[in-house]
Structure formats: structure tokens, C-alpha cells
Participant: 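To start, I am sharing the structure in question, which I have written as C-alpha cells.
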Amino acid sequence: MKTARKNRLLLILTLVAGVGLAALLVSLAFRENLTFFFTPAQVAAGEVRPGQPFRVGGLVIPGSVERQPDGVTVRFRLTDTRAEVPVQYTGVLPDLFKEGQGIVARGTLDGTGLFVADQVLAKHDENYMPPEVADALKAQGAMPDHEMMRKMQP
Amino acid sequence: MRTSLATAWWAVLRRDLLLSARRLGELGNPVVFFAAVVSLFPLALGADAGLLRSVGPGIVWVGALLACLLSLEGLFRADFEDGSLEQLLLSPHPASVLVSAKILAHWLVTGVPLLLITPLLGVLLNLPPLAQTVLFGGLLLGTPTLSLLGSVAVALTLGLPRGGLLISVLLLPLFAPVLVFGAGAVGSALLEMPVLPYFYMLGAELALAVTLVPLATAAALRASLGS
Amino acid sequence: MRTSLATAWWAVLRRDLLLSARRLGELGNPVVFFAAVVSLFPLALGADAGLLRSVGPGIVWVGALLACLLSLEGLFRADFEDGSLEQLLLSPHPASVLVSAKILAHWLVTGVPLLLITPLLGVLLNLPPLAQTVLFGGLLLGTPTLSLLGSVAVALTLGLPRGGLLISVLLLPLFAPVLVFGAGAVGSALLEMPVLPYFYMLGAELALAVTLVPLATAAALRASLGS
Amino acid sequence: MIAFFSRWASLPAFYRRAGRWIPWLWAVAAGLLMAGTVGGLVLAPVDYQQGEAYRILFVHVPSAWMAMFVYMFMAGASASAFIWHVKLAEILARVSAPLGAAFTALALATGSLWGARMWNTWWVWDARLTSVLLLFFLYLGFMALQAAIEDRRRAARAGAVLALVGVVNIPIIHYSVEWWNTLHQGATVSKFDNPSMTWDMLWPLLTMALGFMVYFAAAVLVRARSEILERERHRRWVIDEVTR
Amino acid sequence: MTTTNEAATLAAIDLACVRGDRSLFQGLSFALVRGTLLKVEGPNGVGKTSLLRILAGLARPEEGEVRWNGKAIGGCPDFAADRRYLGHHNGHGLALTVRENLRVAAALQGTPCAGASLEQAMETVGLAHAGDSPVARLSSGQRRRLALARLILGAAGVWILDEPLNALDRAGQVLFGGLLRDHLLGRGVAVISTHQTLTLPAGIRQQTLTLAVSS
Amino acid sequence: MTTTNEAATLAAIDLACVRGDRSLFQGLSFALVRGTLLKVEGPNGVGKTSLLRILAGLARPEEGEVRWNGKAIGGCPDFAADRRYLGHHNGHGLALTVRENLRVAAALQGTPCAGASLEQAMETVGLAHAGDSPVARLSSGQRRRLALARLILGAAGVWILDEPLNALDRAGQVLFGGLLRDHLLGRGVAVISTHQTLTLPAGIRQQTLTLAVSS
Ligand code: HEM
Ligand SMILES: Nc1ncnc2c1ncn2[C@@H]1O[C@H](COP(=O)(O)OP(=O)(O)OP(=O)(O)O)[C@@H](O)[C@H]1O
Ligand SMILES: Nc1ncnc2c1ncn2[C@@H]1O[C@H](COP(=O)(O)OP(=O)(O)OP(=O)(O)O)[C@@H](O)[C@H]1O
Ligand SMILES: [Mg+2]
Ligand SMILES: [Mg+2]
């Protein structure tokens with residue numbers, strides 16, 4: 001009988017220890033970057049070297065979009081409000097792509113600090129509302145931030 | 001006066017290791033399978049060196065995973081068929097603890113040999129030294145998790161005809177995270193980016209599996225034998 | 001007055017198909033395994049679409065091969081364990097012919113479902129239509145060869161504990177030519193080069209296997225049971 | 001309390017009670033789904049970012065929620081079947097798996113359809129999408145296991161172990177959008193304190209979600225009833241019930 | 001009936017067993033006091049094996065429970081240590097030798113076992129010369145004898161044996177009779193199913209449970 | 001001795017068997033004329049199963065040969081059609097029903113089998129009610145009965161049976177006695193190993209081969 005109780009206690013202790021250790025390790029992992037996702041500020045700070053493939057996310061700076069003469073290549077700049085990254089992409093852009101839109105681009109930095117993307121995905125924010133409401137909020141300056149922006153702020 | 005749990009645990013571990021040692025020829029099997037799968041891909045993909053280098057770590061991990069999967073089938077089957085497993089469950093000692101000895105034996109006999117030849121394969125795939133260390137470290141943390149998770153699936157499918165395939169179906173979702181973080185670590189190392197977060201995740205999975213799996217496996221064995 | 005060989009052959013085929021039908025849930029297993037292996041690679045390789053497209057056909061072939069390999073284990077095992085195989089060998093009819101019925105049943109139950117989902121995977125991997133046709137044709141010629149060759153290995157390893165791994169070790173070199181020509185054909189089609197020579201080779205292998213394998217398998221079964 | 005529960009969970013009583021509830025549940029589900037569809041497709045305004053295309057949300061979000069909810073339901077039923085040997089719980093776990101798999105498939109299909117329009121890709125291997133795919137495989141594994149084991153009691157216990165092992169995946173699905181930088185958007189509605197969605201869009205969404213839930217309840221009861229009949233086909237009460 | 005259960009070593013209370021869709025037995029109760037042999041009889045397929053597996057704790061009854069010294073047997077390690085079960089399968093590792101198998105069995109059963117008592121047990125069942133042979137090389141009767149050796153390692157109060165005489169030769173059957181007699185005289189209880197005749201000396205308390213096919 | 005072989009249905013000539021590193025028997029010869037039962041006896045592990053497998057053609061003897069109607073049995077389909085073997089394993093597909101198993105057995109044995117004779121065989125062994133149950137759901141004795149049904153499908157001249165009484169209940173043992181008697185009276189031969197007593201009516205030709213442990 002006594003052994004039974006001792007065993008149960010041991011069992012619970014092991015469970016707590018195991019799950020606790022796992023939680024600790026996971027939280028340590030989340031302190032670091034697991035997904036090759038970098039903000040323009042991190043890129044500007046030189047956290048990635050040219051040639052390393054990674055993803056960069058941010059808002060397309062209004063007025064920065066220029067079509068190249070070949071008709072299929074675009075250049076624009078991305079920002080997280082603290083720094084900017086110039087991006088070049090050749091291919092079909094997503095429907096949602098427009099100035100001020102959140103996007104995630106994948107590619108590499110060339111030697112000059114230009115990000116050459118091989119894929120551009122749109123990442124809209126999590127707000128759903130009719131256009132009139134959006135306009136009104138914008139006019140008041142009360143439009144909620146794009147979630148990507150919020151997450152990127154330290 | 002009863003023998004201690006530790007004695008029984010050791011006896012089970014020793015028994016399984018002895019059984020494997022008796023079939024020394026088979027100790028090599030997972031390793032040969034592993035090496036063969038890894039060398040099948042160059043055959044299937046043609047000899048594009050650049051392509052191979054970039055898919056190399058992924059292939060090594062998938063190979064290790066499949067080798068483990070195949071060897072798992074034998075984890076309880078023989079014992080089930082000859083009635084040894086019945087006797088194990090009838091023991092006064094907690095089945096989950098005894099089962100953990102069997103799983104450990106499985107890892108020692110299949111996971112460790114895989115680890116031992118990984119450096120060789122790393123050289124063949126032309127991986128830089130850092131990536132090789134990371135591959136080894138990842139497998140060191142990952143293969144015990146594979147053995148552990150595998151044991152649950154094997155226990156669940158015990159005695160079912162064509163259990164082999166069912167095991168794979170059950171295991172693939174369970175193995176996927178190990179694969180993602182294990183292969184991810186090597187990929188990261190190849191790009192000279194930080195690998196520690198991957199190791200944390202692999203470690204977390206191992207910690208969870210070590211504590212929870214023996215209980216689940218013991219329960220699964222009881223279910224399989226109870227009918 | 002004895003029943004004809006054809007009756008016995010049909011009876012064996014029908015029996016094995018019936019046994020599979022009884023476990024209808026399991027019919028899907030090779031397919032699920034196949035689909036799962038094919039989707040493991042994106043996990044291990046990371047999400048690079050270009051890389052995936054170029055390794056796609058190789059992965060499909062390796063996946064089919066592994067699915068076949070796993071399902072082979074069950075080809076004779078249950079029959080061996082319950083003594084049915086003994087009774088098969090004791091029959092007055094030539095064992096090689098009866099065995100060919102078992103192999104055909106295996107292909108019908110595992111190879112054919114694989115064929116049926118290949119078009120789907122082809123679409124997922126973004127293969128052009130021609131390459132998809134070639135992939136399908138290659139698997140149509142290749143999977144029966146896999147079942148046939150597999151049966152020899154299974155027969156040789158019958159009753160050995162951990163036969164599963166041993167089978168793989170024996171089979172990987174035998175399967176390699178099928179893999180090379182099968183994946184080669186798709187690669188060639190992707191480059192819009194002629195694929196016929198590959199098909200001739202696959203056909204030659206199939207012809208050889210169909211004629212020789214049943215004899216070899218029957219002999220291997222006798223050897224495994226005789227001791 | 002226990003006596004009440006065991007009486008409630010007794011199969012014949014449950015069979016009859018469920019038979020009475022099912023027509024009502026179907027009616028409620030149909031009403032809610034219809035209201036939600038009209039509300040979502042006709043009444044709700046267009047979105048300021050996504051235009052009309054966002055309307056797929058009215059199917060995607062409820063089915064994604066149900067995919068997770070059904071798994072939790074199945075795991076809960078499995079656990080109580082395992083611990084207290086409640087037969088009814090075994091049956092509920094078994095019959096809800098295919099429904100859960102169907103919801104998951106629907107979430108995957110609508111999600112990638114939507115992603116093709118909005119993100120410019122059908123599929124990415126990000127944490128949210130991958131973990132949902134694994135959830136789908138878990139359902140398939142559970143179903144394959146049930147199909148492979150003939151003895152129902154063994155199948156139930158084996159399934160329970162598998163379902164409980166797989167539960168780890170659920171929080172990962174839910175929190176993946178916060179833990180990792182996924183392409184998939186973060187929480188909109190499930191930030192209950194302050195949903196970032198206007199009421200005109202929210203109410204059809206919630207109506208649809210409720211409709212899905214009631215549909216699930218009705219479908220589970222129907223399937224459970226036929227499972228009960230099959231299991232107990234040799235019992236006196238079933239024979240009485242069927243010949244009546 | 002319930003009042004006598006407390007004194008009994010092993011008691012079955014209102015057991016019911018369902019296999020597939022057949023109900024094998026219902027409301028089956030008995031109580032065995034120390035030193036009693038319960039013979040379970042009945043035609044093929046009546047449910048003897050099913051009953052024995054329930055008594056051993058390997059399977060769960062549909063209804064009812066099994067008690068050992070007044071306690072339910074589920075999850076009770078003391079019962080597990082006091083019970084020996086021998087089913088259709090002998091439970092030996094085929095690649096291990098006779099001696100290795102016995103050593104593992106002792107550790108699992110929880111009987112501390114000096115080498116001498118292992119040798120003693122092998123001697124008793126007539127396998128002394130085969131201590132170092134792998135079980136895979138033994139004949140079916142020799143394997144059954146090894147299973148008997150496991151039974152007598154360390155004293156156990158409850159024996160549950162499913163057709164123990166299967167595959168045993170004449171000498172083996174006599175040997176088993178002797179072991180069983182000693183066990184019962186040592187105040188153990190035994191539940192045995194067998195289609196062969198068990199001859200025991202007079203004075204040993206025997207009960208017979210004859211299962212009949214339920215409609 | 002060799003002169004009588006021609007008349008014999010089944011004859012063993014100078015058989016020797018070695019297993020592992022032990023020689024089990026050497027120079028073993030016998031000849032059975034129609035209507036004879038050969039009982040193979042001997043203690044556990046002496047080599048009965050090994051001998052029976054050689055006689056059935058499943059294993060090859062170290063030396064000597066087995067003849068059937070004067071011909072060596074190796075690769076002789078007529079012998080295969082005339083011989084039934086029942087070993088430790090019953091040889092049923094577990095997921096198939098009783099009836100399906102019998103049908104396959106008939107096709108394999110080469111006995112053309114109308115449905116009626118299948119039903120008849122099931123009736124005889126007492127499995128008529130279980131025709132549609134998968135074998136996985138039968139008890140050990142019921143499975144053994146199914147194996148007996150296979151034996152009596154289509155008349156065969158030679159029966160080789162290894163412990164056929166295992167797992168059979170009393171009624172089953174009586175049933176088997178009857179089947180064996182009919183077989184022998186129908187001028188068949190049988191080679192049987194068993195540790196239990198076979199009671200046969202007087203007037204049936206019986207021989208006993210007692211194997212002894214060779215030094
Ligand atoms: C195959 C692709 C997709 C999968 C597997 C998927 C999966 C899921 C899941 C599991 C949830 C429930 C999360 C939770 O409640 O914890 C969810 C919610 C949601 N998804 Fe998706 N999704 C996919 C694509 C998309 C796309 C393309 C969009 C929009 C562009 C989208 C928009 C949403 C929204 C708005 C929610 C509700 C968020 C909330 O408030 O909880 N999903 N999705
Ligand atoms: N696979 C094997 N490898 C080596 N030796 C074996 C093998 N199988 C059996 N033997 C040896 O052959 C001997 C005879 O075995 P066999 O099974 O023929 O005995 P048996 O007379 O049928 O005994 P029983 O009455 O126990 O069934 C055994 O003593 C054993 O040592
Ligand atoms: N796995 C199973 N699934 C369903 N039913 C089964 C299963 N195993 C046995 N049964 C049923 O249970 C009944 C009793 O089986 P059990 O093995 O307990 O009989 P038994 O009394 O030991 O018979 P025997 O004397 O032949 O060994 C059988 O008639 C069979 O129909
Ligand atoms: Mg029995
Ligand atoms: Mg024998």
C-alpha cells in the first residue's frame with residue numbers, strides 16, 4: 001500500500017518535471033528566431049548576410065512602387081516604421097498588393113543591400129470592416145495597426 | 001519480500017539487449033537501410049551536385065525516420081506472439097516503467113548505430129563541419145523521441161494484420177515535428193544562422209515524450225492484449 | 001479426379017483478395033503512407049517551390065517504392081504464422097503458380113491504389129501533363145515488378161525476427177534499377193526528351209520478373225519452411 | 001450524481017432520447033445555416049481590404065473552429081471512456097472522428113482557396129497550415145485504427161490513447177499565429193474582449209458557427225444511434241425497438 | 001454468498017463476459033478458500049479461456065469483479081506478485097536460453113532468485129541438461145516444461161492455468177500432478193482448465209465449475 | 001525388409017534426422033500397409049514432430065527416403081494429393097470464415113468439392129452453426145475442429161497428424177476416434193503422434209513406434 005502511494009507521488013513528480021522542462025525549452029526557443037523571418041530593422045542592423053535566403057515582412061511604402069521598363073519587374077520599399085529595405089521582384093503580384101499593404105517576401109540580399117525576392121505573398125491585417133468605416137477610422141487616425149507591425153515592435 | 005523495480009527494469013533491458021545481440025547480423029539492418037535510402041536519392045534525382053547538397057540534410061533526416069519506422073515493427077511483435085508481453089503486463093511492477101526499458105533497448109540497438117554512421121554520410125554529402133555537428137546533435141536528440149513515439153503506435157497496432165502500414169499512418173503526424181526541427185537545424189547551420197532554438201524544440205519534444213510516452217504505451221498494450 | 005490448377009489458382013487469388021477486403025480500412029494504408037511520405041519532404045526541405053518541383057518525381061518514385069516495401073511484409077507473414085503457407089506448399093499443384101496468384105493479389109491491393117492517386121500528387125507537384133502521363137505509365141510498369149521482386153525477399157526472410165528490416169536490405173539493390181528507369185523517364189519527359197527507351201527497360205524488367213520470380217519465391221518458401 | 005449520469009448514459013435511454021432530439025436539431029441547424037448564409041452573402045458589407053472575396057470566411061472560420069472543437073470533444077469522450085468505461089463515450093468518440101475529419105478537410109480546402117486569392121499561393125508550409133494538416137492526418141490515423149480493430153472495446157481504448165497523445169497539437173494550432181510569424185493572419189474574432197470585426201460581419205459569422213455546431217450535434221446523434229444499434233444488435237431491447 | 005468472500009483468497013463476483021456479439025456467461029460467482037483447486041470444464045468454445053484471462057487480470061469482465069483477499073484485483077500489485085498465469089502461449093523469448101528466460105521471469109514476477117533456485121527449478125522440470133539451449137531449439141513439450149519451471153519459482157498463492165497438460169508427455173503429466181499437489185497442500189489456490197484428467201490424492205479440496213453454452 | 005516396401009502404401013527407409021547438433025534418430029525404417037495406424041511415441045523432445053514433418057515431405061531427412069506406393073515422395077504431386085498433414089498450427093486464415101477456409105483448403109488439396117460436402121464436413125466436426133464466423137473468433141478447440149474438417153474433405157490415403165487431440169474437448173476426442181476408425185477401415189494409413197490415449201475398436205491394425213533418446 002505504501003509503495004503504491006510512493007509510486008503515485010513519483011509519477012506525478014516525473015510528469016511535472018517533464019512537462020515543466022518541455023515548457024521551459026519551448027519558451028527559450030521562442031526568444032529566438034525560428035522561421036528565418038526578419039524585420040526591415042533587423043536587416044538594416046546587418047543581422048543577415050548577402051546570399052542567405054530569408055523572409056522579410058513589412059508595409060509597402062506608399063509611392064515607392066516603380067515598374068521597370070521590362071514590364072514584369074517591380075521595385076518597392078518595405079518598412080516596419082523604423083527602417084526600410086528596397087525589394088525587387090519579377091513575376092505576378094498578388095491581388096491585394098498595393099501601397100500601404102502588408103506583404104511577406106522571400107529571397108536573398110544582393111551585395112548592394114537590395115532584397116531580390118523570388119516570392120511575394122500578401123499579408124493583410126486581421127481587421128474586417130466596410131470601406132466607409134475604414135475611411136472614417138483613418139480620418140480620425142484611429143485605424144488599428146496592422147498586426148504584423150504590432151508584432152514587430154519590440 | 002519482493003525484488004525491487006530497478007532489478008526488474010534492468011532485467012528487461014538486459015533481456016532485450018541480449019535478444020538483439022543474439023541476432024548480431026540484424027544489428028546492422030537499420031544502418032544498411034538508412035545508408036541505402038540515402039543513396040537511393042542520388043539515383044532518383046540524377047547527379048546534380050548542387051541540388052543534392054541542398055536536399056542532403058532533408059534526405060538524411062527522412063532516411064533516419066524511415067529506418068526507425070521500419071525497425072519499430074519488431075519492438076513488441078515477437079514478445080506479443082510468444083506470450084512474453086502477457087507476462088510483462090502481469091508483473092507486479094508498473095508496466096510503464098518496464099516498457100521504458102524496452103524502448104531504451106530499442107534506441108540503443110537502432111538509434112545509436114544510426115548516429116554512429118551519420119558522420120560518414122555527412123562527409124559523403126559534402127556537408128561543412130558545423131552542419132555535420134548539428135546533424136549529429138539533432139539526431140542525438142531526435143532519435144530517442146522517434147523510438148518513444150514509435151512505441152505508442154506499435155503498441156496500438158499489435159497483432160493487427162498489416163499493422164506495419166497502420167503504424168506508419170499513425171506515426172507520420174507524430175514524427176513530423178521532429179523532422180521539421182531536426183532538418184531545420186541543419187538547414188539553418190548551412191546558412192550559418194542560429195541553431196539553438198531548433199535544439200530547444202527537439203529537447204522539449206524529447207522531455208515530453210520521455211515522461212508521457214511510457215504511460216501511453218503501457219495503456220495501449222493493455223488495450224491490445226485485453227481483448 | 002483432381003481439381004484443375006486453374007481452380008486452385010483462382011481460389012488462392014480470391015482468398016487473398018477476400019482477406020484484404022475484410023480489412024477494408026487497411027486498403028487505404030499504402031496510399032496514405034505514400035501521400036504522407038511525399039508530403040514529408042516539403043517539411044524536411046523547407047518551402048522552396050523550385051527545389052520541390054525538381055525533386056518531385058524522384059520523391060514520388062521513392063515514396064511508391066517505400067510504400068510497396070512496407071506492405072510487402074504482410075505478404076506471407078500471417079500465412080506463415082497460422083500455418084496456411086504449410087498447407088499451400090503441401091498442395092499437389094505447383095507452388096510457383098499458386099504463389100503467383102498471391103503476388104498478383106498483393107499488386108491489386110497495393111500497387112493499383114498507388115497508381116490511382118498518382119495523378120493527384122502529380123497535380124500537387126505541379127508537373128506538366130506529359131510528365132504526369134509518363135509518371136503514371138512508369139508506375140504501371142514498375143509497381144508489379146516491385147511486388148514480384150519483393151515477394152522473393154519476403155519469402156527468404158520468413159520467420160526471422162526483424163525480417164522487416166532484412167527485407168529492405170535485400171530489396172533496395174533489387175529495386176534500384178526500377179527506380180532509376182522510372183524516375184529517369186519522368187526527368188526525361190520534363191526536359192521533353194524521348195521516354196520510350198526507359199519504358200522498354202521497365203518492360204524488360206517486368207517480363208523477366210514475371211517469369212522468374214514465382215519459381216524463385218516458391219523455392220525460397222520451401223527453404224524457409226523446411227527447417 | 002453518478003447514478004444520474006449512468007442512467008443518462010445508458011444506451012437504450014440515450015437511443016430513445018436522441019431519437020426525439022434529432023428532428024429538432026436538424027431544424028435549428030437548417031435555420032441557423034440559412035440565416036448565416038443570407039447574412040454573410042447578402043447582408044454583410046464588403047471588406048475594405050479584400051472586397052467580396054472575404055466572404056469565404058463565413059465557411060472557413062466556422063469549419064476551422066469545428067475542426068479543433070471536434071477533436072477536443074473526441075479526446076474528452078475518449079478520456080472519459082478510458083477512465084470510467086462509459087460505453088456511450090466510446091461511441092461518441094468513434095462516430096465524431098469522420099465528422100471532424102470532414103470539417104478539417106473543409107477548412108483546408110476553403111483556406112487554400114482563399115489563400116490563392118489573398119496571399120497569392122495555395123499553400124505554404126507555415127506553422128498554422130502545417131499543424132492543421134497534421135490534425136487531418138491524426139483524424140485519418142484514428143479512423144484507420146478504428147477500422148483495423150474488430151473488437152469494439154479494444155478499438156475504443158486504442159483510439160483513446162491515440163486521441164489523447166494527439167491533443168498536444170491543438171494548442172499549437174491555436175497559438176501558432178502568435179508564436180511564429182505565420183502568413184496566416186492572427187486572431188480576429190477569438191479576441192473576445194475586442195473582436196476586430198464590425199458587427200454586420202460578425203453576427204452572420206457567429207450564426208454560421210452556431211449552425212455548424214448544431215449540425216455537428218445532429219449528425220453525431222444520428223451516427224451514434226446507428227452505431228448503438230449495430231453494437232447491441234443482439235440485445236433484447238434492440239430487437240424490440242426494431243420490430244416495434 | 002458475499003459474506004463468505006472476505007475469507008476467500010480468490011472470489012469472482014457476478015462476472016459477465018461478452019465476446020464479439022455472444023454473451024458467454026453472466027452472473028458467475030464463486031469463492032475459493034486456501035488449498036482449493038477449481039477445475040473449469042466445458043465443451044470447446046464455451047468460454048474457459050475467456051474466464052481465466054479475466055481471473056488473471058488480463059481482460060476486463062463486461063460486468064462484475066474479481067477479488068483477491070477481499071480487494072478488487074485491478075491495479076493491485078500485491079495480487080500481481082501472488083499470481084502465476086500460464087496461457088496458450090508459453091511466454092519465452094525464443095532466442096534466449098532456458099536459464100536466461102527463467103532469470104527474466106524471476107525478476108518480472110518479483111521473486112528474488114538466487115542461481116541455486118533457478119537450477120533447482122530446471123532440475124525439477126527435467127531441463128537441467130538444456131540450461132544453455134535457446135528455447136527456439138526446444139520441442140513443444142520441452143517449452144511447456146519450461147513454463148512449469150516459471151510457475152514454481154518463488155511461492156505464489158494463486159495459479160491460473162489454461163490447459164497446462166497440452167504437449168506434455170506422460171512423465172510430464174505426472175510431474176505436473178506432483179507440483180499441483182504441493183501447491184495446494186501449501187495452501188495455495190489454483191484455477192485450471194483442461195480436457196484431460198487430473199489425478200490428485202484424496203483429501204485435497206476440489207471444486208468443478210462446468211460452463212454450459214448459454215442460449 | 002526392402003522386399004515388403006513395394007506392397008506398402010507408406011514406407012520409411014533408413015531415415016536419419018539431425019537437428020542443430022543433435023542426431024535424433026538414424027536408420028529408422030518401417031512400412032505401412034493399407035489400413036494401418038502407426039502411433040509415434042516417446043518423451044518430449046525425442047523427435048516425433050521432426051519425423052512427421054519428414055514423412056509429410058515438409059522437411060528433408062539427413063539420410064534415407066520416404067516412399068509412397070514405391071515412389072520417392074519428393075516432388076510427387078500424386079502423393080501430395082493423397083496426403084493430409086496436421087501440424088502444431090492449424091493453417092486457417094484468421095480473417096476468413098470457417099466456410100471460406102474450407103473452400104480454399106478443398107481447392108488447394110485438389111478435392112473437387114460441392115457445397116454439400118463442405119456443409120457435411122462442418123456438420124461432422126460440430127461447426128455447422130459457425131460457418132460464417134471468422135476463424136479469429138473461434139476458441140482453440142473450435143479451430144482444431146476446423147482442421148479436422150479439412151482432413152475429411154475428399155478421401156485421402158495418408159494422414160499424418162501431430163498431436164491431433166490437443167485442445168479438443170472430450171466430445172471432440174470421441175469424434176476424432178470415430179473419424180480415424182472410418183479412415184482406417186476405408187483402407188487408409190495414418191501416422192499419429194500423441195501423448196494421450198487413442199481408443200480404437202479391436203481388429204484395426206496398429207503399430208507403435210517408440211522413439212528413444214539416442215546417446
Ligand atoms: C489552407 C489554409 C488555411 C488553413 C489550414 C487555415 C486554418 C485556420 C484555423 C485552424 C483557424 C482557427 C484558429 C483558431 O481559432 O485558433 C483559422 C481561422 C481563421 N482563418 Fe484560416 N486557414 C487557412 C487559410 C486562411 C486564409 C487564406 C485566410 C484569409 C485570408 C484565413 C482567415 C482566417 C480567419 C479570419 C480566421 C479567424 C481568426 C480568429 O478570429 O480566430 N485563413 N484558420
Ligand atoms: N529449430 C530447431 N533447431 C535445432 N534443434 C531443434 C529445433 N527444433 C527442435 N530441435 C531439437 O529436436 C528435438 C526434437 O524435437 P521435436 O519437436 O521433433 O520433438 P517431439 O518429439 O515432437 O517433442 P514433443 O513431444 O515435445 O512435441 C528437440 O529435442 C530439440 O532439441
Ligand atoms: N477474439 C474473439 N472475438 C470474438 N469472439 C471470440 C474471440 N475469441 C473467442 N471468441 C468467442 O468466445 C468463445 C469462447 O472462447 P474461449 O477461447 O474462451 O473458449 P474455451 O472455453 O477456452 O474453448 P476451448 O476449449 O476450445 O479452448 C468462443 O466460442 C468464441 O466464439
Ligand atoms: Mg481455451
Ligand atoms: Mg512435437
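Values reported hereafter were calculated over all heavy atoms of this structure, with side chains retained and with hydrogens, waters and symmetry mates removed. Below, read A as the first sequence line, B as the second, and so on, with proteins coming before strands; counting in each chain starts at 1.
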Participant: Between B:Ala216 and D:Val165, which heavy-atom pair has the shortest distance, and what is it?
Facilitator: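 Looking at all heavy atoms of both residues, the closest pair is CB-CG2, 4.0 Å.
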
Participant: Check whether D:Phe82 gets within reach of chain B through its side chain, its backbone, both or neither, counting any heavy atom under 4.5 Å.
Facilitator: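 Side chain only.
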
Participant: For B:Leu174, is it the side chain, the backbone, both or neither that has a heavy atom under 4.5 Å from a heavy atom of chain D?
Facilitator: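 Answer is side chain: those atoms of B:Leu174 sit under 4.5 Å from chain D.
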
Participant: Of all heavy-atom pairs between B:Ala219 and D:Val161, which one has the smallest distance, and what is that distance?
Facilitator: CB-CG2, 4.0 Å

Participant: Counting only heavy atoms closer than 4.5 Å, note whether B:Ala176 contacts chain D via side chain, backbone, both or neither.
Facilitator: side chain

Participant: More than 12 heavy atoms of other residues, nucleotides or ligands under 6.0 Å from CZ of D:Arg223: yes or no?
Facilitator: yes

Participant: Testing the basics here: between D:Gly141 and B:Leu170, what is the closest heavy-atom pair and its distance to 0.1 Å?
Facilitator: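 Taking D:Gly141 first and B:Leu170 second, the nearest heavy atoms are O-CD2, 3.4 Å.
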
Participant: With a 6.0 Å cut-off (strictly less than), is the heavy-atom count around CZ of D:Phe58, excluding the residue itself, greater than 12?
Facilitator: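 Enclosed.
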
Participant: Is it true that, when you exclude D:Trp84 itself, more than 12 heavy atoms of the residues, nucleotides or ligands shown sit nearer than 6.0 Å to its CH2?
Facilitator: no

Participant: Closest heavy-atom contact between B:Ala223 and D:Arg154?
Facilitator: O-CG, 3.4 Å

Participant: Given a strict heavy-atom distance threshold of 4.5 Å, which part of B:Leu212 is in contact with chain D: side chain, backbone, both, or neither?
Facilitator: neither

Participant: Do you know which two heavy atoms are closest between B:Leu156 and D:Ala158, and how far apart they sit?
Facilitator: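 In this case the closest contact between B:Leu156 and D:Ala158 is CD2-O, 3.3 Å.
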
Participant: Measure the spacing between CG of D:Leu162 and OG1 of B:Thr157 and express it to the nearest 0.5 Å.
Facilitator: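 Reported to 0.5 Å precision, the distance equals 10.5 Å.
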
